[in-house]
Number of protein chains: 2
Amino acid sequence: MRYQDELFRQREELLLDTALALFRECGWEKVTVSQLAARAGVAKGTVYKHFASKEAIYASLALRFSRSCLEQYESMPHRPSPLESIREVIRAAFARMLSHPLEVQLCLHCDRPEFQSRLDESQRGAFQALDEQYNALFHRLVEAAVAAGEIPPKSPESLYWGVDAVFQGVMARIAAGGLGLERHATPSLEIYSEHVVEFITAGLLGRFPDPGPEASP
Amino acid sequence: MRYQDELFRQREELLLDTALALFRECGWEKVTVSQLAARAGVAKGTVYKHFASKEAIYASLALRFSRSCLEQYESMPHRPSPLESIREVIRAAFARMLSHPLEVQLCLHCDRPEFQSRLDESQRGAFQALDEQYNALFHRLVEAAVAAGEIPPKSPESLYWGVDAVFQGVMARIAAGGLGLERHATPSLEIYSEHVVEFITAGLLGRFPDPGPEASP
DNA sequence: GTCATATAATGACTGACGGTCATATTGTGA
DNA sequence: TCACAATATGACCGTCAGTCATTATATGAC
């Protein structure tokens with residue numbers, strides 16, 4: 001490996017770390033590419049050697065974060081109860097997100113079609129691959145719980161939709177730093193997420209007893 | 001009312017309608033204030049007589065939409081079963097959002113602290129008031145279902161967190177026009193939302209039977 | 001080690017666009 | 001009708017993402 005290639009790789013890591021630090025200080029929308037270049041000790045044009053756009057920096061940070069989360073979840077030990085394994089993965093995910101609100105904000109920002117359409121192919125492809133990996137992980141977990149009789153037989157697909165929706169919502173709340181707008185007695189985000197875990201679990205278990213066409217009180 | 005006041009009022013409505021039309025054509029991020037002014041037949045500076053910023057236009061559209069949704073939900077007939085009333089409100093909400101994806105996008109965009117902090121007091125206050133009204137509606141619905149014995153006694157608050165999270169997620173998916181990123185067999189959004197209604201209902205009902213400290217298969 | 005050439009870094013420049021404000025135009029009310 | 005207040009206008013301004021001609025550095029053949 002040539003000196004230049006190694007320098008390029010290291011500088012790219014430095015730029016991402018520097019961006020993260022600056023974003024934490026000032027908010028990612030407010031940080032300019034010039035500020036990032038100055039902080040990292042390079043010229044502004046050099047930043048564009050590494051990243052096609054400011055948005056590509058956001059994407060790189062989101063991808064980096066998502067990858068490390070997935071690694072964590074995939075290496076978690078299995079419990080005797082597959083449903084408990086699911087709950088633990090969900091808890092771990094919430095805990096991870098709670099300690100990285102900035103990254104959560106970036107992930108949400110990137111997870112929109114207009115944004116994705118502005119990325120180059122390789123980054124877009126990376127998001128897709130990650131998405132598929134998350135999906136596969138969820139399927140594995142749910143299928144194990146169904147096979148163990150802990151969850152009623154139901155397509156992992158439709159369960160995923162419910163869980164996905166909750167995750168999106170929790171991410172938005174974590175990204176916002178709370179339940180927003182002082183709307184009501186605000187719990188700590190930890191308590192909030194534990195309640196949501198319970199909500200998800202119930203959602204996965206489904207209604208019991210199974211309702212008739214017109215359930216009556 | 002003076003001619004000028006009536007003209008101002010009508011022009012403001014025209015500007016909002018024109019903005020909505022342009023946003024649908026080109027995407028709200030891409031539409032410039034100049035384009036909006038030209039389409040509406042006024043000078044650019046006149047737009048700023050009505051709205052403090054481009055973001056204030058977003059906020060006005062989001063507020064308008066949210067208000068009309070709330071009116072609809074509050075005027076829906078009650079069912080003999082309060083739980084069914086809840087489900088119907090949720091269905092109506094999803095249906096409303098499904099037919100107004102642009103407005104949903106704008107609502108999501110506005111529902112972030114950084115955005116809110118850039119609004120003037122009156123718009124920020126309007127968002128808060130609406131938020132409280134939505135919250136009160138949910139509380140009413142849930143309390144009726146609890147009183148009818150259809151939902152286990154539980155604080156409406158904690159139930160709200162689960163439902164709120166799901167709503168956020170569904171909104172994000174509707175705003176994105178689907179489940180994003182070609183990740184898996186994509187259902188129609190209608191089918192998707194029906195499954196999510198079921199997930200929410202189960203979440204509201206909670207786990208049954210109530211699990212012990214360590215549920216085993 | 002030298003040096004011609006390729007490669008990479010630099011920062012002044014460019015254009016887009018949100019927002020402003022001096023000037024022109026229109027409305028108001030005595 | 002007309003002096004004055006209120007309002008509309010669009011050229012202008014500042015910011016910032018992104019660009020690229022010029023300068024600096026790395027590379028590899030000899």
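Quick caveat: nothing in here was measured; it's all calculated off a predicted structure. Sequence lines set the chain letters: A, B, ... in the order given, protein chains first and strands last, and positions in each chain run from 1.
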### Query
Mind checking who dC30(D) pairs with, Watson-Crick or G-U wobble, both distances under 3.5 Å?
dG1(C)
Would you please classify the geometry between the [Y] ring and the [X] ring as parallel, tilted or perpendicular, with 30° and 60° separating the classes?
| X | Y | answer |
| --- | --- | --- |
| Phe167(B) | Phe94(B) | tilted |
| Trp28(B) | Tyr58(B) | perpendicular |
| His50(B) | Phe8(B) | parallel |

Rounded to the Å, how far apart are [X] [atom1] and [N] [atom2]?
| X | N | atom1 | atom2 | value |
| --- | --- | --- | --- | --- |
| Leu119(B) | dG18(C) | CG | P | 16 Å |
| Arg118(A) | dA17(D) | CZ | P | 14 Å |
| Lys44(B) | dC13(D) | NZ | P | 13 Å |
| Gln35(A) | dT15(D) | CD | P | 12 Å |
| Leu36(A) | dA9(C) | CG | C1' | 15 Å |

Are any of the side-chain heavy atoms of [X] and [Y] separated by less than 4.5 Å?
| X | Y | answer |
| --- | --- | --- |
| Ile57(B) | Val47(B) | yes |
| Leu119(A) | Phe127(A) | yes |
| Glu74(A) | Arg140(A) | yes |

### Task
Would you please test Arg91(B) and Glu88(B) for salt bridge (charged side-chain N to carboxylate O under 4.0 Å, His left out) and show each step?
CA-CA 5 Å; Arg91(B) 279 202 202 91; Glu88(B) 288 207 350; 5.2 Å; no
### Ionic contact status for Arg9(A) with Glu12(A), cut-off 4.0 Å
no
### Presence of salt bridge, Arg64(B) and Glu13(B), under 4.0 angstrom
yes
### Task
Give me the residues of residues 11-31 of chain B where at least one heavy atom lies under 4.0 Å from an atom of DNA chain D, by number, or none.
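Heavy-atom contacts with DNA chain D come from Arg11(B).
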### Contacting residues from residues 54-65 of chain A, given that a heavy atom lies under 4.0 angstrom of DNA chain D
Lys54(A)
### Query
Which atoms form the tightest heavy-atom contact between Glu150(B) and Ser81(B), and what is the distance?
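So the minimum-distance heavy-atom pair works out to OE2-OG, 2.7 Å.
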### Task
Answer yes or no: does a side-chain N or O of Ser34(A) lie under 4.0 Å from OP1 or OP2 of dC16(D)?
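No, no such contact exists.
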#### Entry: Option passing side chain to side chain contact (heavy atoms under 4.5 Å, CB included) with Gln133(B) (candidates Leu130(B), Leu137(B), Asp131(B))
Leu130(B)
#### Entry: Closest nucleotide among dT10(C), dT19(D), dT20(C) to the Tyr48(A) side chain
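Of the candidates, dT19(D) comes closest.
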### Task
Tell me what Thr46(A) touches on the nucleic acid: a base, only sugar-phosphate, or nothing, going by heavy atoms under 4.0 Å.
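Answer is base: heavy atoms of Thr46(A) come under 4.0 Å of a base.
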### Query
When every nucleotide of nucleotides 22-30 of chain D is labelled 5' to 3' by its protein contacts under 4.0 Å (heavy atoms), B for base, S for sugar-phosphate only, - for none, what sequence of letters results?
----SS---
### Message
Closest-nucleotide mapping onto DNA chain C: is Val33(B) or His50(A) further toward the 5' terminus? I mean the 5' end.
### Response
His50(A)
